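This chain uses plain numbering: 1 for the first residue, then up along the sequence. In each ligand, atom 1 is the first atom listed, and ligand 1 is the first ligand listed. The basis for the numbers below is simple: all heavy atoms, side chains too, and nothing from hydrogens, waters or symmetry mates. Since we're looking at a predicted model, the values are computed, not measured.
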Amino acid sequence: MGLADIYARGEAALRQKEIGFFLDGVETEFILENDRRVLDRYTFRQQCIDAVEADTRCRILGVDLATPVVMSAMTMPIPSMGEDALEQVARGLKNAGSLMWTGTPIPQNLARLAAVVPLAANVKPFSDRKKMFEAVEAVQKEGVHWVGIEIDSGQGTKVKDRQMAKDCTPLQSKELREIRAMVDRPLIFKGILSAVDAVKAVDAGADAIVVSNHGAHTLDYLPHPLQVMDEIVAAVGGRTVIIVDGGFRRGSDVLKGLAFDARLVGLGRPILYGLAADGERGVQAVIEEITGELKRLMTMTHTPTPAHAGKHLLVEF
Ligand SMILES: Cc1cc2nc3c(=O)[nH]c(=O)nc-3n(C[C@H](O)[C@H](O)[C@H](O)COP(=O)(O)O)c2cc1C
């Protein structure tokens, strides 16, 4: 099965079930269309004479990966796709040399997942701050490699007109610093979409930020991350690792993210498609197919490693 088949088969399988609505976007769904439009604005400057075979491996925040393509933070609707569906995702990602990232609800079996694959776990800004701080403690005890905090869920989450996560309140800078003080491993603030928030996150001690519009599950009419990357990259000035997600579907999309200075590119829905199409093998195939596409492009654009990607690769139209 090629990537297009996996996506088509996976989406069709999910749409047949009640959980299919998780693929939709908030309110007007403008973001889903805009994500594609923005990614399609860029083409590549081919430079292939004297090409050398590219190497997609990278080391990020102490974790060795075969690819800069990782899972974006997600739990729902994975548990309802099979009793051991989270474990299947973990194994598929591990086999592909990638990283797993859980969301809300925080899975009970994080320690089991962390034993299989490099694991990051997100915590939401619950209005009940005691619950939030306890969750931050709990995921560390489970042995996750990175801790993620969703700074963009301050008004909960929403799919079309249906409010999903509730009881969330925006975080204050002081609280970001309190979280930093209690996290003894890489700490990542997810959902940055402006230079102002990026600087606040880095000043509070973020080891990485995820530039993300939350895959159209928070607010309507948010930009695609690449629309705001330049201002964010300029503002943080190399002081943190930048991760990006939102609408990335192919190796070509990933290279665009890397060209804008992201070190990792996250996939949300494609992981669900892979899992729905072919379980653990489907998840592995999604990462491997995209990585294969990325490697071809890197080789033919004189990009020996992900760190060599830059704006010089892009021809905008
Ligand atoms: C079904 C679903 C559940 C999600 N759950 C979470 C979550 O719990 N926490 C979080 O930070 N982001 C969550 N996200 C957002 C993803 O982490 C990511 O930002 C987004 O899906 C990337 O866009 P893509 O789906 O177009 O790849 C979710 C996205 C989807 C589609």
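At least one side-chain heavy atom of Asn109 sits under 4.5 Å from a side-chain heavy atom of Glu87.
Per-residue contacts place Lys124 under 4.0 angstrom from the following atoms of ligand 1 (heavy atoms of the residue considered): 7 (C), 8 (O), 9 (N). Numbered from 1 in the order shown, with element, the atoms of ligand 1 that lie under 4.0 Å from a heavy atom of Ser72 read 16 (C), 17 (O), 18 (C). With ligand atoms numbered from 1 in the order given, ligand 1 contributes 10 (C), 11 (O) to contacts under 4.0 Å with heavy atoms of Asn122. Residue contact check: Ser212 has heavy atoms under 4.0 Å from atoms 19 (O) of ligand 1.
Counting heavy atoms under 4.0 Å from ligand 1, residue Glu150 touches it through the side chain alone. When heavy-atom distances to ligand 1 are checked against a 4.0 Å cut-off, Met76 comes that close only through its backbone atoms N, CA, C and O.
Nearest protein heavy-atom contact of atom 8 (O) of ligand 1 is Thr104 N, 2.8 Å. From the protein, the heavy atom lying nearest to atom 25 (O) of ligand 1 is Arg269 NH1, 2.8 Å. Here the protein heavy atom with the shortest distance to atom 18 (C) of ligand 1 is Asp245 OD2, 3.2 Å. Given atom 30 (C) of ligand 1, the protein heavy atom at minimum distance is His217 CE1, 3.5 Å. Ranking protein heavy atoms by distance to atom 27 (O) of ligand 1, first place goes to Gly268 N, 2.8 Å. The nearest protein atom to atom 23 (O) of ligand 1, hydrogens excluded, is given as Gly246 CA, 3.5 Å; this is a heavy-atom distance.
If you check each of Ser153, Gly215, Gly247, Pro270 against atom 20 (C) of ligand 1, the one with the closest non-hydrogen atom is Gly215. Of the listed residues (Arg36, Met74, Met71, Arg249), the one carrying the non-hydrogen atom nearest atom 2 (C) of ligand 1 is Met74. The option with the heavy atom closest to atom 5 (N) of ligand 1, from among Pro225, Ala73, Gly103, Pro105, is Ala73.
Checked for salt-bridge contact, Arg269 and Asp245 miss the test: no charged N lies under 4.0 Å from a carboxylate O. Salt bridge status for Arg180 with Asp203: absent, with no side-chain N to carboxylate O gap under 4.0 Å. Here Arg91 pairs with Asp84 in a salt bridge; the nearest charged N to carboxylate O distance falls below 4.0 Å. Contact check on Asp261 versus Lys311 returns no salt bridge, with no Lys/Arg side-chain nitrogen under 4.0 Å from an Asp/Glu carboxylate oxygen.
Polar contact check, Thr75 against ligand 1: no nitrogen or oxygen pair lies under 3.5 Å apart.
Side-chain N or O atoms of Thr240 include one that pairs as donor or acceptor with a backbone N or O of Asp207 at under 3.5 Å. At least one donor-acceptor pair closer than 3.5 Å links the side chain of Glu231 to the backbone N or O of Ala195.
Inspection of the Asp167 and Ser127 side chains reveals no N or O donor paired with an N or O acceptor under 3.5 Å.
The aromatic rings of Phe260 and Tyr42 sit perpendicular to each other, their planes meeting at more than 60°, with 30° as the lower class boundary.
Hydrophobic clustering of Ile, Leu, Val, Met, Phe, Trp and Tyr side chains at less than 4.5 Å, counting indirect connections, keeps Ile60 apart from Val202.
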